[in-house]
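Inspection log for the structure reproduced underneath, given as structure tokens.
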Amino acid sequence: MVSEVKCLNCGKRFKLKGESRVDDFLSLPCPECGGTLEPIKNKQSEKEDLVDTVDEPALLIDKSLALVFWDIAEEKGKLLKDLIKTGYEVRLLKKPSLLTQWLRFETPALVVLAAEEEKIRPYIDILNSLPMPERRQIFVVWITDKARTLDPRPAFLASVEIVINTSDIPRFSEILNRGQKIWRDFYYPFKQVEESLAKEI
């Protein structure tokens, strides 16, 4: 049983959620470069190996993870920079299987899906297959030209937390903050009840 893996190609390390059997994840490529993942079984040996390494890129995801799938014509550069400034560790998704891989390493705090509804559906299906407590930790944003910003109806129908119209991408950070506040205010009483019940059980 191990809880960390290292990419043999790029050298980055990733922390797994809980304890995972070796054959559960060795078939998964590195989310960064697609290289082979190797379990770190002996952390003391790993530390000794670092003595002879000049530039060891040993980075675990220690910030809130934001995953972004972008398949629209609008420019995403400013949005990504704003997320990084806010403190997110930002990674791009090119296909649904990459979301599945990332979920093995880390529960993302934010998932941004900028595409038509039929293209985001596989991502939504993966997220909705998660246990409900884990799914509630993930704030999902759908960017589309087919709905008004913060319109609750299309957000509900698409199983996302908020919808942002493509015309409002320049105001993404402001709208995200507002949407997250609404979300927190909505779930706060529920979480209080849930925590109280957990203490009683």
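Just so it is clear, the structure is predicted and the values come from calculations on it, not from any experiment.
Arg121 places a side-chain heavy atom less than 4.5 Å from the side chain of Asp125. The closest side-chain heavy-atom distance from Ile162 to Phe139 is below 4.5 Å. When side chains are defined from C-beta on, Ile138 counts as touching Leu130, because their heavy atoms get closer than 4.5 Å. For the pair Val111 and Tyr123, the minimum side-chain heavy-atom distance is 4.5 Å or more. Two residues are said to be in side-chain contact when any heavy atoms from C-beta on lie closer than 4.5 Å; Val141 and Phe172 meet this criterion. Residues Ile169 and Ile72 meet the side-chain proximity criterion, which asks for heavy atoms closer than 4.5 Å. With contacts defined as side-chain heavy-atom distances shorter than 4.5 Å, the pair Leu93/Val68 does not qualify. Ile164 is not listed as a side-chain neighbour of Trp142, based on a closest heavy-atom distance of 4.5 Å or more.
Pairing each heavy atom of Ser159 with each of Ile124, the nearest pair is CB-CG2, 3.8 Å. In plain terms, the two heavy atoms of Ala66 and Leu83 that are nearest each other are CB-CD1, 4.5 Å. Residues Ala147 and Val163 come closest through the heavy atom pair CB-CG1, 3.6 Å. The two atoms that bring Cys7 and Gly35 nearest to each other are SG-CA, 3.9 Å, heavy atoms only. For the pair Tyr88 and Gln180, the tightest heavy-atom approach, listed with the atom from each and the gap, is OH-NE2, 3.3 Å. Considering every non-hydrogen atom in both Lys119 and Phe69, the closest pair reads O-CE2, 4.0 Å.
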- Message: One pair to check against side chain to side chain contact (heavy atoms under 4.5 Å, CB included): Leu92 and Leu80. What are the steps and the verdict?
- Response: CA-CA 10 Å; Leu92 295 177; Leu80 298 180; 4.2 Å; yes
- Determine, stepwise, if the pair Lys63 / Glu106 fulfils salt bridge (charged side-chain N to carboxylate O under 4.0 Å, His left out). CA-CA 10 Å; Lys63 300 178 183 178; Glu106 197 78 21; over 6 Å; no
- Task: Begin from the C-alpha positions of Thr149 and Asn165 and carry the test side chain to side chain donor-acceptor pair (under 3.5 Å) through to its verdict.
- Result: CA-CA 5 Å; Thr149 294; Asn165 188 274; 5.6 Å; no
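By the 4.0 Å N-to-carboxylate-O rule, Glu174 lies too far from Arg178 to be salt-bridged with it. A salt bridge links Arg91 with Glu89: at least one charged nitrogen is closer than 4.0 Å to a carboxylate oxygen. A salt bridge links Glu161 with Arg135; the closest basic N to acidic carboxylate O contact falls under 4.0 Å.
The structure places OG1 of Thr144 at 5.0 Å from CD of Glu116, a figure rounded to the nearest 0.5 Å. Taken to the nearest 0.5 Å, the CG atom of Asp145 stands 9.0 Å off from the OG atom of Ser167. We find the CD-NZ distance between Glu117 and Lys146 to be 10.0 Å, quoted to the nearest 0.5 Å. We find the CD1-CG distance between Ile143 and Asp71 to be 12.0 Å, quoted to the nearest 0.5 Å. In this structure, CG in Leu67 is found 11.5 Å from CD in Gln101, a value given to the nearest 0.5 Å. In this structure, OG on Ser173 lies 6.5 Å from CG on Leu79, to the nearest 0.5 angstrom.
Connection of Leu157 to Leu127 is not established within any shared hydrophobic cluster, with ILVMFWY side chains joined at heavy-atom distances below 4.5 Å, either directly or through further cluster members. Ile182 and Leu110 fall into different hydrophobic clusters, where Ile, Leu, Val, Met, Phe, Trp and Tyr side chains are chained together by heavy-atom contacts under 4.5 Å. At a threshold of 4.5 Å between side-chain heavy atoms, the hydrophobic network of Ile, Leu, Val, Met, Phe, Trp and Tyr places Leu113 and Phe156 in two separate groups.
Relative orientation of the Phe105 and Phe14 rings is tilted, given thresholds of 30° and 60° on the angle between their planes.
Checking Gln137 against Thr107 by side-chain atom types alone, no donor-acceptor pair falls below 3.5 Å.
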